[in-house]
Amino acid sequence: MKKIAVIGTGYVGLVSGAGLSDFGNQVICADIDKSKINSLLAGKIPIFEPGLKEVVDRNVKSNRLSFTTNVSKAIQDSEVIFIGVGTPESETGEADLSAVYSVAEMIAENLNFYKVICTKSTVPIGTGDKIISIIKNSQNSDVGFDYVSNPEFLREGAAVQDFLIPNRIVLGATSEKALNILQDVYRPLYINETPIVHTNVPTAEMIKYASNAFLALKISYINEIANLCEVVGADVHIVTKAMGNDGRISPKFLHPGPGFGGSCFPKDTKALLSLSEKLNEPMNTVAAAIETNDRQKRRMADKLFNLMENEIKGKIIAVLGLSFKQMTDDVRESASIEMIQSILDKGGIVKAYDPVAAKNMEKQFPNIEYCVDWQTAVKNANAVAIMTEWHEFRGLDLAELKSLLKSPLVLDTRNILSRVGLTELGFKFDNVGRKALK
Ligand code: NAD
């Protein structure tokens, strides 16, 4: 059992803090966002993440998990410090590492005994060395420390399960001593023989970017295949099923849609591309995946406008689903953002509904109407665009949908509605990678 501080209590920090305390460690989660910490101290989870509340509650109750805004004290009291702050995209496309570096400074100022500094945030290859030198240059004691790159692979919506039962753990360490300490931190995973990769810092950093960029590439590839399917009259779902039967390809991440979003793939692909350009080792594949993704998002708006025969001004469009995928309230880089903006640019009126993400989208679009349920959103609308594959939308009663809409126009960017049902009810509709049935 180790005393741990997790700095940054967002999607990754909070899940990691809760998970590490569930492994038996003593964890304090620290964040500079007072409202977030106050919510947690009041027993409320500031994000939507299935199963997280149960893990947080049971560990708070067992006195293994606590929360603070006092980052310095959290560092001083702990022997392992996890950095889990955000690394958003900067204006130039590179990762903005200001939060990571500011935490490194804080660690240097509060290095009162030997500690292991462990980065979970996704940081470009080479960042570990910079963190080490910031700490060395800024510390006012000669206390030793070791550094570990421990990238996080959890998926929002399945984050708790991914953390507690991961596919693999990657530990890029500067010393055996640090590895032994991390082995104690992750002891249950060593016991149940989770694959654990011990390597050096740059390799660990590279594993994270190589994995995310590969998944993004796969999505862009299948989206381009889907677009081609539309033209040649092929059915992308049958194509991907047969492709996925090949063990070399695997069926995962072969679902066509409106383009990838979220807090990781868009920024991580850009950060990797930016690094490769800086190092003069081009990554043309990643550049193409990014370009294809941008085009795919725009393509969804074009599909909607085609369905509406470009009569958008003054028309009401129901946008169902705001989060970048189902089971999360995260709207960062969501395809629905491009869709809403395109509708507004053409003078359309948006009525939006999402089971959990409306509050987050309101920060981006404060002036559109947010509805309490899908029925209210589609009532008297001229068209509907389904942007997120929530179960609730998979089970939409198409007859009810038709009775509420002003005109029966549907864009299904997730291919979750029955084409047979839509055709039988006389909807005019479009989806991704499959022609409408005649
Ligand atoms: P987030 O924006 O949800 O949370 C970041 C938190 O850090 C915020 O609560 C913020 O207030 C806090 N913070 C910022 N500066 C701070 C400071 N100086 N001291 C203390 N707290 C500070 O971000 P996230 O989605 O949890 O992502 C964190 C990192 O993990 C990123 O690098 C991301 O790429 C990576 N990651 C994210 C996911 C994911 O699914 N979200 C998955 C794997 C890896």
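Whatever order the structure lists them in is the order used to number ligands and atoms, beginning at 1. Numbers for residues simply follow the sequence, beginning at 1.
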**OP:** Can you sort out which atoms of ligand 1 are near Ser263, meaning under 4.0 Å from one of its heavy atoms?
**Re:** 25 (O), 39 (C), 41 (N)
Original post:
In terms of the angle between their ring planes, are Tyr353 and Phe393 parallel, tilted or perpendicular, with boundaries placed at 30° and 60°?
Top reply: perpendicular
Subject >> Gap separating the CD1 atom of Ile131 from the NZ atom of Lys136, nearest 0.5 angstrom >> reply: 13.0 Å
Subject >> Nearest protein heavy atom with distance in Å, relative to atom 5 (C) of ligand 1 >> reply: Gly86 N, 3.5 Å
Subject >> Ring geometry between Phe48 and Trp390 (parallel below 30°, tilted from 30 to 60°, perpendicular above 60°) >> reply: perpendicular
Original post:
Quick one: does NZ or CZ of Lys177 land under 6.0 Å from the six-membered ring centre of Tyr114, within 45 degrees of the ring axis?
Top reply: yes
Subject >> Atom indices of ligand 1 within 4.0 angstrom of Ala99 heavy atoms, with elements >> reply: 15 (N)
**OP:** Provide the number and element of each atom of ligand 1 under 4.0 Å from a heavy atom of Lys36.
**Re:** 8 (C), 9 (O)
Subject >> Nearest-neighbour protein heavy atom for atom 35 (C) of ligand 1, which is reported as residue plus atom name and distance >> reply: Thr122 OG1, 3.5 Å
Subject >> Within reach of ligand 1, part of Ala159 (heavy-atom separation under 4.0 Å) >> reply: neither
Original post:
Hey, is the main chain of Gly128 close enough, under 3.5 Å, to the side chain of Glu205 for a donor-acceptor pair?
Top reply: yes
Original post:
Are Lys115 and Phe113 in a cation-pi contact, defined as NZ or CZ under 6.0 Å from the six-membered ring centre and within 45° of the axis?
Top reply: yes
**OP:** Measure up the Phe163 and Phe23 rings against each other and bin them: parallel (under 30°), tilted (30 to 60°), perpendicular (over 60°).
**Re:** parallel
Subject >> Atoms of ligand 1 close to Glu152 [distance to a heavy atom under 4.0 angstrom, numbered from 1] >> reply: 43 (C), 44 (C)
Subject >> Nearest neighbour in protein (non-hydrogen) for atom 13 (N) of ligand 1 >> reply: Val85 CG1, 3.6 Å
**OP:** Look only at interatomic distance and state if Lys208 has a nitrogen or oxygen under 3.5 Å from any nitrogen or oxygen of ligand 1.
**Re:** no
**OP:** Identify whether the distance between the nearest side-chain nitrogen and carboxylate oxygen of Glu94 and Lys267 falls below 4.0 Å.
**Re:** no
Original post:
Can you find an N or O of Arg155 that's nearer than 3.5 Å to an N or O of ligand 1?
Top reply: no
Original post:
Does any N/O atom on Arg332 come nearer than 3.5 Å to any N/O atom on ligand 1?
Top reply: yes
Original post:
Are Lys267 and ligand 1 in contact, using a heavy-atom cut-off of under 4.0 Å?
Top reply: yes
**OP:** Please write down residue, atom name and distance for the protein heavy atom closest to atom 42 (C) of ligand 1.
**Re:** Leu154 O, 3.4 Å
Original post:
So is Arg168 actually on top of Phe153's ring, under 6.0 Å and inside 45° of the axis?
Top reply: yes
Subject >> Distance filter under 4.0 Å to Asp33 heavy atoms, resulting ligand 1 atoms >> reply: 11 (O)
**OP:** Number the atoms of ligand 1 from 1 as they appear, then name those within less than 4.0 Å of a heavy atom of Ser102, with their elements.
**Re:** 18 (N)
Original post:
Going by the order shown, which atoms of ligand 1 are within less than 4.0 Å of some heavy atom of Gly84?
Top reply: 28 (C)
Subject >> Derivation of the side chain to side chain donor-acceptor pair (under 3.5 Å) call for Thr376 and Asp373 >> reply: CA-CA 6 Å; Thr376 315; Asp373 51 31; 2.3 Å; yes
Original post:
Looking at atom 4 (O) of ligand 1, what's its closest protein heavy atom, distance included?
Top reply: Gly10 CA, 3.2 Å
Original post:
Which bit of Ile47 gets closer than 4.0 Å to ligand 1, counting heavy atoms only: side chain, backbone, both or neither?
Top reply: neither
**OP:** Please answer whether the main-chain N or O of Ile416 pairs with a side-chain N or O of Asp412 as donor and acceptor at a distance below 3.5 Å.
**Re:** yes
Original post:
Identify the closest protein heavy atom to atom 11 (O) of ligand 1: which residue and atom is it, and at what distance?
Top reply: Asp31 OD1, 2.6 Å
Original post:
Met106: heavy atom below 4.0 Å from ligand 1, yes or no?
Top reply: no
Original post:
ligand 1 and Tyr11, any nitrogen or oxygen pair closer than 3.5 angstrom?
Top reply: yes
**OP:** Might you confirm whether atom OH of Tyr190 has over 12 heavy atoms from other residues, nucleotides or ligands at distances under 6.0 Å?
**Re:** yes
Original post:
Are Ile28 and Asp77 close enough that some pair of their side-chain heavy atoms sits under 4.5 Å apart?
Top reply: no
Original post:
Where is the nearest protein heavy atom to atom 31 (C) of ligand 1: which residue, which atom, and how far?
Top reply: Thr87 OG1, 3.5 Å
Subject >> Polar proximity ligand 1 side, Asp330 side, N/O cut 3.5 Å exclusive >> reply: no
**OP:** Among all protein heavy atoms, pick out the one at the shortest distance from atom 39 (C) of ligand 1; state its residue, atom name and that distance to 0.1 Å.
**Re:** Glu156 OE2, 3.4 Å
Subject >> Atom of Val286, atom of Thr269 and distance for their closest heavy-atom approach >> reply: CG1-O, 3.6 Å
Original post:
Under 3.5 Å between some N or O of ligand 1 and some N or O of Val12?
Top reply: yes
**OP:** Could you give me the CA-CA distance, side-chain angles and deciding distance for Leu14 and Leu52, then say whether side-chain contact (heavy atoms from CB on, under 4.5 Å) is met?
**Re:** CA-CA 9 Å; Leu14 182 55; Leu52 182 55; 3.7 Å; yes
Subject >> Proximal ligand 1 atoms for Ile7, defined as those under 4.0 Å from one of its heavy atoms >> reply: 19 (N), 20 (C)
